[in-house]
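First up is the structure itself, then whatever we jot down about it.
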Amino acid sequence: SFESVTFGYEGGRRPALQELTFTLNAGETLGVVGPSGAGKSTVVWLLMRFYDPQRGEILLDGTPVRNIPQRELRRSIGLVLQDIFLFSDDVRYNIRLGNLGIPEKRIREAAHEVGAGPLIERLPEGYNQPLGERGKSLSVGERQLISFARALAFDPRILILDEATSSVDSELEARIDEATARLMEGRTSLVIAHRLSTIKESDRILVLHRGELKEEGSHEELLAEGGLYARLHELQFSPLPSST
């Protein structure tokens with residue numbers, strides 16, 4: 001839970017988050033949307049303790065995150081970003097990140113559960129295949145599937161997807177959607193999204209604007225309110241004007 005959290009970056013003209021209060025319940029999927037600069041990613045950086053708020057408190061199971069050892073906190077959270085970082089090592093390393101406590105069987109199970117198994121097995125050396133710098137030998141969508149397999153292999157209590165499906169290859173989009181659903185199944189999830197289609201099935205959606213919580217509710221409730229969320233939805237899904 002975030003309790004009256006205020007945070008501003010050094011040199012910023014205004015706080016990135018202002019008196020932000022919300023709760024993410026166990027097993028719930030919470031979508032977070034808003035225009036660019038609304039503070040969506042700042043929520044993630046504070047939860048991961050890359051920064052601490054200037055005011056307010058962030059709690060995990062009732063304990064302030066500042067009182068939880070960073071290693072323990074980050075081991076509880078699986079983070080999948082839009083800008084996927086893969087190492088030049090092989091596929092196996094990129095899934096378990098050198099953690100020998102994750103056995104080979106779990107690596108392969110995680111890959112198959114998110115649909116990355118067939119992709120990996122088509123590679124000349126399979127799980128031993130070096131991926132090149134930042135995974136340049138794979139497409140954006142293929143890199144995303146590897147990152148999903150990594151998140152599932154670590155089996156985090158909390159899953160954070162930060163714009164994780166906003167720039168995938170169209171041919172892999174359906175597979176990415178299936179992998180996302182599998183990854184979130186039965187897990188407490190925070191989904192930061194630009195595309196509203198990725199969060200419309202969330203249990204609740206928070207709408208941020210200039211660092212403040214402006215609206216909260218389900219997809220249907222927010223559309224019915226006719227506020228900021230409804231305007232964002234109209235902008236994304238209204239038909240393009242005819243060229244004739």
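All residue numbers refer to positions in the sequence shown, counting from 1. Remember, predicted model here, so these are calculated numbers, not experimental data.
Scanning for side chain to side chain donor-acceptor pair (under 3.5 Å) contacts around Lys214 gives Glu212, with sequence neighbours left out. In this structure Phe50 satisfies the ring-ring contact (aromatic ring centres under 6.0 Å, His included) test together with Trp45, sequence neighbours excluded. Partners of Arg96 under the side chain to side chain donor-acceptor pair (under 3.5 Å) rule, at least two apart in sequence or in another chain, do not exist in this structure.
Side-chain contact between Lys105 and Ile107 is absent, with no heavy-atom pair separated by less than 4.5 Å. Within the 4.5 Å cutoff, the side chain of Glu216 has no heavy atoms near those of the Glu221 side chain. Put simply, the side chain of His209 reaches to within 4.5 Å of the side chain of Pro35, judged on heavy atoms. Between Val32 and Ile205 there is no side-chain heavy-atom pair separated by less than 4.5 Å.
The line from CZ of Phe22 to CG of Leu190 is 6.0 Å long, rounded to the nearest 0.5 Å.
Between Arg75 and Asp155, no side-chain nitrogen of the basic residue sits less than 4.0 Å from a carboxylate oxygen of the acidic one, so the salt-bridge criterion is not met. Remark: Lys200 does not engage Glu220 in a salt bridge, criterion side-chain N to carboxylate O under 4.0 Å. Glu234 and Arg231 are not joined by a salt bridge, as no carboxylate oxygen comes within less than 4.0 angstrom of a charged side-chain nitrogen. The pair Arg106-Glu113 meets the salt-bridge criterion, since a charged nitrogen lies less than 4.0 angstrom from a carboxylate oxygen.
Side-chain N/O atoms of Thr42 and Tyr51 include no donor and acceptor closer than 3.5 Å.
Leu138 and Phe87 fall within the same hydrophobic cluster, where Ile, Leu, Val, Met, Phe, Trp and Tyr residues are linked whenever their side-chain heavy atoms come under 4.5 Å apart, directly or through other members.
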